[in-house]
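When a ligand or atom number is given, it counts from 1 through the structure's own listing order. Note that the coordinates shown come from a computational prediction; the quantities given were computed from them, not determined experimentally.
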Amino acid sequence: MKQFSAEEKGFHGTIKAVVEIDEAKGQINKVWAENVTPNTIGAAGIATWLEKANQTKSVEIDAVSGASISTGALRKAAITAANQSKVLSIKENVDTISGASQSGSNTVKAGIPEPANYPLLKDEITEYDVDTYENEFDIIVVGAGGAGLAAAATAAENHASVMVIEKQGIAGGTTNYSGGVIQAAGTNLQKETTQFQNDTPENHEREYMKAGEGRVYQNLVHDFTQNSPKNIAWLAKMGIKWTNVYGHTEIPYAKDYFADRIHVYENGGASGNGIILTQHLLNYALDLGAKITYNTAVVGLITNNTDNQRKVVGVVTEGTDHQLKYLKARRGVVLATASIDQNLDLAKDLSPQHYEDVKAHHCWSVPTDQGDGIVMGMSIGAAITGFGGTIDFDARTGNGTDDRVPTIPSIFVNGNGLRFVNEDSTYAYEFRAIFNQEKQLDKPTYQIFGADSINEKTSPWNKESLENDVKRGLVVEADSLEELASKIDVPAANLVNSVNTWNKNATNGNDPEYGRTNGIKAFSGPYYAYRNTPGNLGALGGLKINKNCNVLDVYNQPITGLYAAGLNAGGWLGSYYPGSGTAIGGIIHQGRRAAKSILGL
Ligand SMILES: Cc1cc2nc3c(=O)[nH]c(=O)nc-3n(C[C@H](O)[C@H](O)[C@H](O)COP(=O)(O)OP(=O)(O)OC[C@H]3O[C@@H](n4cnc5c(N)ncnc54)[C@H](O)[C@@H]3O)c2cc1C
């Protein structure tokens, strides 16, 4: 046996592939990878790729969709390593894997399955059309993101047979990209690590109801907030170590119910750390007997329409071989395919702010989140609700707004040079205001600040990074406000007046215009303007459900056998996203709730 190795740059750094070859037999014996960054999406993909490579004793394994940069690099390195042995000569038939990114745009080239392109069936499939079912399970879960995995784990721990169907090559969906944080009120950890000693799920519910602006259903919000502490404990049982709790900045009209509620686990909190959560859920579910099929899309629901009642009894799947298969769901189907994140057509019809983001390629959800579950539900008469809202935050440098960094002394101005929002409010609230201003005036909005603003401890800029951003054209610099106004094309008198008013009030320590509480200090020149640019973490809105996560039809009647969970369901989030940890909290809750409802628990 001889070992050969080669290196390639992956998503998280350089990966080394080691290939052990039995030269006498001219065969690969074993393949492994070194320098893999643990707890990353790349690591999860690499584990999948290596499993296939070692099973088939080959390195000609397609990159894994969902982790294509890391696994594409590993494939290339492994082929280079194997070719160092004189007994093998393997062609690298995937020339480019450029742009196949774990954080969004996917331009995967030949040789790698592109699961985003499975078309949904246009004809309704009834049980009458089905000759034979390929297999049957108590519960079929569509989509292996956080919601789908929570449903599968709950079903498996309650002894139900469960199959999860996932379009991508790895589990986790957009949940992998999240920080994995969860909002919950009244936990011991909240008491131990924050000043909020008397917070309650009822308070949490009031905050979400206020933020929902009359567009959310109280029964859904109530069930979610009441159960969030229990869900935190459930995840701890499978090995998630919760370490601290923090808060987001304010929602101006919901301040009375605010508390630090964002629960973070060990090695969590930053984008990409959600993989820790999804891997725990996945392994827990698999250990309890759940099954999962990758690179396969659910393309239709199977219904039984007897007795004037529509009942969902199974799903139609399509894999990379493009063969349709029928799977029977004895007790229920859970749709957990997220919202219309990457679907430009549906976004145009249903969610104008989201539409602008997807059009500008600023949605960082997985490319497979196309709203399939929503379309399949609608195709058999399901109602939809809650569209229009979106999870927008700052995209370009992360400097302008971040709910963990209180805003530095600065103001936002619109195309008329006027202030229009509390700059210190939570990101999606603020970006809704930015969107409205930019649409109405057809001009960008800016964050205006002074050289002294960056001396604040909380400043995301230091002197050097600010100079860099000015050079890169991300920030505009001027000696006077008049010059700045001319550079950003706003009326000079308005900009001068906006800054002077802010400075005068800030010197008195308050913000009577918008009631801001952080970063209240006057600022002076030279002056800077940072153009607000939204980035998008997913659309809000989905199938209408009742408290049991049972999908409702357009007459508000439950569709037997059909459930929706996570961002695939609407009505639990309103016109904008109320703050970090809400989505992950909700998807875990609804995944569990859907499985429990199907099982009558
Ligand atoms: C970069 C980023 C950071 C974020 N950070 C946070 C955060 O810190 N806290 C927070 O609360 N929220 C955060 N969010 C939002 C949050 O991650 C998502 O709202 C949430 O994870 C969605 O979960 P889900 O289970 O509903 O969908 P997903 O996790 O996206 O799962 C849906 C799954 O369905 C699969 N699928 C789609 N169609 C089909 C089909 N037809 N057949 C089979 N499978 C299908 C997809 O491939 C995907 O795997 C963040 C989002 C992004 C993009």
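- Among all non-hydrogen protein atoms, the one lying nearest atom 3 (C) of ligand 1 is Y177 O, 3.4 Å.
- Summarising the contacts of atom 29 (O) of ligand 1 with T175, I587, T317, V264, the nearest heavy atom is found in T175.
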CA sep, side-chain torsions, deciding dist, call: N536, T390, side-chain hydrogen bond (donor to acceptor under 3.5 Å, both in side chains): CA-CA 7 Å; N536 191 284; T390 191; 2.7 Å; yes

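- F224 and Y208 have parallel rings, their planes meeting at less than 30° on a 0 to 90° scale where 60° marks the start of perpendicular.
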Please lay out, stage by stage, how T317 and L324 fare under the test side-chain contact (heavy atoms from CB on, under 4.5 Å). CA-CA 6 Å; T317 68; L324 295 186; over 6 Å; no

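- Of all heavy-atom pairs spanning W234 and T154, the tightest one is CZ2-OG1, 3.6 Å.
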Given side-chain contact (heavy atoms from CB on, under 4.5 Å), test F137 with R331 step by step and report yes or no. CA-CA 8 Å; F137 304 90; R331 302 180 72 171; over 6 Å; no

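- Checked against F258 for a side-chain contact (heavy atoms from CB on, under 4.5 Å), the options E250, K210, H248 give a single hit: H248.
- Of the protein's non-hydrogen atoms, the one nearest atom 35 (C) of ligand 1 is E166 OE1, 3.3 Å.
- Counting protein heavy atoms only, atom 27 (O) of ligand 1 is closest to A338 CB, 3.4 Å.
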side-chain hydrogen bond (donor to acceptor under 3.5 Å, both in side chains) between T337 and D372, intermediate numbers included: CA-CA 7 Å; T337 65; D372 290 0; over 6 Å; no

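- Contacts between T582 and ligand 1, counted as non-hydrogen atom pairs separated by less than 4.0 Å, involve the backbone only.
- Minimum heavy-atom separation, T37 to A43: O-CB, 3.4 Å.
- The ligand atoms of ligand 1 that sit less than 4.0 angstrom from a heavy atom of A147 are 25 (O).
- Looking from atom 9 (N) of ligand 1 to the surrounding protein, the closest heavy atom is G581 N, 3.5 Å.
- For ligand 1, the polar-atom distance check finds no N/O of A565 at less than 3.5 Å from any of the ligand's N/O atoms.
- Salt bridge annotation for K596-E157: absent, with no cationic side-chain nitrogen under 4.0 angstrom from a carboxylate oxygen.
- When heavy-atom distances to ligand 1 are checked against a 4.0 Å cut-off, A336 comes that close only through its backbone atoms N, CA, C and O.
- Regarding atom 2 (C) of ligand 1, its nearest protein heavy-atom neighbour is L537 CD2, 3.6 Å.
- Annotation for ligand 1: atoms under 4.0 Å from non-hydrogen atoms of L567 are 19 (O), 22 (C), 26 (O).
- Ion pair K311/E127 not flagged as a salt bridge, since none of the NZ, NE, NH1 or NH2 atoms sits closer than 4.0 Å to an Asp/Glu carboxylate oxygen.
- In this structure, G538 has no heavy atom closer than 4.0 Å to ligand 1.
- For ligand 1, none of its N or O atoms has an N or O atom of S365 under 3.5 Å away.
- Interface of I584 with ligand 1, defined as ligand atoms under 4.0 Å from a residue heavy atom, comprises 9 (N), 10 (C), 11 (O), 12 (N), 16 (C), 17 (O), 21 (O).
- Contact annotation for Y577 and ligand 1: only side-chain heavy atoms (C-beta onward) come within less than 4.0 Å of the ligand.
- Of all atoms in ligand 1, numbered sequentially from 1 with element shown, those under 4.0 Å from a heavy atom of G146 are 25 (O), 29 (O).
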Please determine whether salt bridge (Lys or Arg N to Asp or Glu O under 4.0 Å) holds for the pair K328 and E134, giving the CA-CA distance in whole Å, both sets of side-chain angles, and the decisive distance to 0.1 Å. CA-CA 8 Å; K328 188 177 172 103; E134 184 80 15; over 6 Å; no

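- The contact set between ligand 1 and G143, taken as ligand atoms under 4.0 Å from a residue heavy atom, comprises 33 (C), 34 (O), 35 (C), 44 (N).
- At the shortest separation from atom 42 (N) of ligand 1 among protein heavy atoms lies V298 N, 2.9 Å.
- Counting only non-hydrogen atoms, the option in G172, G179, S339 that gets closest to atom 8 (O) of ligand 1 is G179.
- Residue contacts with ligand 1, taken as heavy atom pairs separated by less than 4.0 Å, involve D372 solely via side-chain atoms from C-beta onward.
- Of all atoms in ligand 1, numbered sequentially from 1 with element shown, those under 4.0 Å from a heavy atom of T368 are 37 (C), 38 (N), 46 (C), 47 (O).
- The S271 neighbourhood of ligand 1 comprises atoms 1 (C), with distances under 4.0 Å to a heavy atom of that residue.
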Assess the residue pair D553 and K544 against the criterion (salt bridge (Lys or Arg N to Asp or Glu O under 4.0 Å)); give the C-alpha distance rounded to whole Å, side-chain angles, the decisive distance to 0.1 Å, and a yes or no. CA-CA 8 Å; D553 68 14; K544 196 169 177 185; over 6 Å; no

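- The distance criterion of under 3.5 Å between nitrogen or oxygen atoms is not met by V142 with respect to ligand 1.
- Residue T174 approaches ligand 1 through these ligand atoms, each under 4.0 Å from one of its heavy atoms: 17 (O), 21 (O), 28 (P), 29 (O), 30 (O), 51 (C), 52 (C), 53 (C).
- Taking a cutoff of 4.0 Å between a charged side-chain nitrogen and a carboxylate oxygen, R261 and D199 qualify as a salt bridge.
- By the 3.5 Å distance cut-off applied to N or O atoms, N536 is not counted among the residues near ligand 1.
- Among protein heavy atoms, the minimum distance from atom 31 (O) of ligand 1 is reached at G145 CA, 3.2 Å.
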Apply side-chain contact (heavy atoms from CB on, under 4.5 Å) to V245 and I262, showing your working. CA-CA 5 Å; V245 176; I262 304 172; 5.5 Å; no

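- Both the backbone and the side chain of S178 come within contact range of ligand 1, each with a heavy atom under 4.0 Å.
- Here the rule is side-chain contact (heavy atoms from CB on, under 4.5 Å) with S351, and of K348, H354, Q353 only H354 fits it.
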Could you check R593 against D223 for salt bridge (Lys or Arg N to Asp or Glu O under 4.0 Å), going step by step and ending with a plain yes or no? CA-CA 9 Å; R593 171 61 69 218; D223 198 39; 2.7 Å; yes

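- The protein non-hydrogen atom at the shortest distance from atom 30 (O) of ligand 1 is D369 OD2, 2.5 Å.
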